Amino acid sequence: MGSSRRNRSDELIVEYDPKSPAAEAYRTLRTNISFLSPDDPLTKISLSSSGPSEGKSLTVANLAISMAQNNKDVIVIDADLRKPMQHKFYGMTNFAGLSNVLTGEIGFAEGLQETGIDGLRLLTTGTIPPNPSELLNSKKMEEVIKQAEAESDMLIIDTPPVIAVTDTAILATKVDGILLVIASHEAEQDMVVKAKEQLDKVQANVIGTVLNKYPIDKGRGYQNYYYYYGGESVDG
Ligand SMILES: Nc1ncnc2c1ncn2[C@@H]1O[C@H](COP(=O)(O)OP(=O)(O)OP(=O)(O)O)[C@@H](O)[C@H]1O
Ligand SMILES: [Mg+2]
């Protein structure tokens, strides 16, 4: 409460209700990611889902906070240039960000903003460009990923749905692995299969799935979250 919260969203449950089962679920997800490749820890991942509104952005934010709480330096890049979201969670502005770095208007360091949460910095989407795919598929994007990786212990990229655009699959090949968020009772099975196929086609490393919006207590619906991690090992 108060101005120090900068109008941060109360959906950042890991920050505001760290003892809740939902926060615990995000920490379990964090732990599972660290178990995936103990000898060669993942340092850059992306998140997506087959369809819209399955909870990609909120999962990115809560996962990022749980990693920051674990004393990691975390950078989040909002690469959903069609539906910018990350800045809203922290009550931040989005005057300049990724798109402006990609076009060379500003440098990476200039674009990176403090979120107000220790250890967590955010590169917002920036100005919505007319040509998101071109920007995201550029060499410059690879440079931005490299810079972000060099400046953090963990880079997490929020991306559009896999089915919607090819950007997500292409971006997934530029990180260590991609996590697929699946909204229970919402995601269509053939869409999930199709998303996985699209990712396989470009040889993206699907490191696991997050079952989201799973109603534990029917009476309280979505108020309860539960994540199930069912990933494949990184080595296959
Ligand atoms: N575990 C959850 N429990 C309850 N509500 C959730 C949960 N995860 C996400 N939501 C809600 O679902 C909606 C979509 O979430 P979010 O924006 O994170 O999804 P998205 O997959 O990033 O969507 P988009 O495709 O628009 O980028 C939001 O209203 C969010 O509050
Ligand atoms: Mg989103």
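Atom set for the values below is all heavy atoms of this structure, side chains included, hydrogens, waters and symmetry mates excluded. We count ligands from 1, going down the list as the structure has it; atoms in each ligand are counted the same way. Just so it is clear, the structure is predicted and the values come from calculations on it, not from any experiment.
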Polar contacts were defined as any N/O atom of the residue lying under 3.5 Å from an N/O atom of the ligand; does this apply to Thr59 and ligand 1?
no
Just jot down the ligand 1 atoms closer than 4.0 angstrom to any heavy atom of Ser57, in number order.
18 (O), 20 (P), 22 (O)
Heavy-atom proximity to atom 21 (O) of ligand 1, best of Lys56, Gln86, Arg82:
Lys56
For ligand 1, find out whether one of its N or O atoms is nearer than 3.5 Å to an N or O atom of Asp158.
no
Is it the case that the side chain of Ser48 and the backbone of Pro160 share a donor-acceptor pair, with hydrogens and angles ignored and the cut-off at 3.5 Å?
yes
Glu11 neighbourhood, listing ligand 1 atoms whose heavy-atom distance to it stays under 4.0 Å
30 (C), 31 (O)
Which of the numbered atoms in ligand 1 are under 4.0 angstrom from any heavy atom belonging to Lys83?
26 (O)
Could you pull out the closest heavy-atom pair between Leu42 and Met154, with the gap in Å?
O-CE, 3.5 Å
Taking only non-hydrogen atoms of Pro52 and a 4.0 Å limit, the atoms of ligand 1 in range are 25 (O)
About how many Å separate CZ of Phe108 and CG of Asn100, when rounded to the nearest 0.5 Å?
13.5 Å
Do you see a donor-acceptor pair shorter than 3.5 Å between the side chains of Ser20 and Glu24?
no
To the nearest 0.5 Å, how far apart are CD in Glu54 and CG in Asn212?
8.5 Å
Polar-atom distance check: Leu58 versus ligand 1, any N or O pair below 3.5 Å?
yes
Salt bridge between Lys139 and Glu142, side-chain N to carboxylate O under 4.0 Å?
yes
Report yes or no: does Ser53 have an N/O/S atom closer than 2.8 Å to the Mg ion (ligand 2)?
no
Counting heavy atoms only, which part of Asn212 comes closer than 4.0 Å to ligand 1: side chain, backbone, both or neither?
side chain
Do any N/O atoms on Gly55 end up under 3.5 angstrom from N/O atoms on ligand 1?
yes
If you count the atoms of ligand 1 from 1 in the order shown, which ones are under 4.0 Å from a heavy atom of Asp80?
27 (O)
Have Asp167 and Ser133 got a donor and an acceptor in their side chains that come within less than 3.5 Å?
yes
Pairing donors with acceptors under 3.5 angstrom, does anything connect the side chains of Ser57 and Asp158?
yes
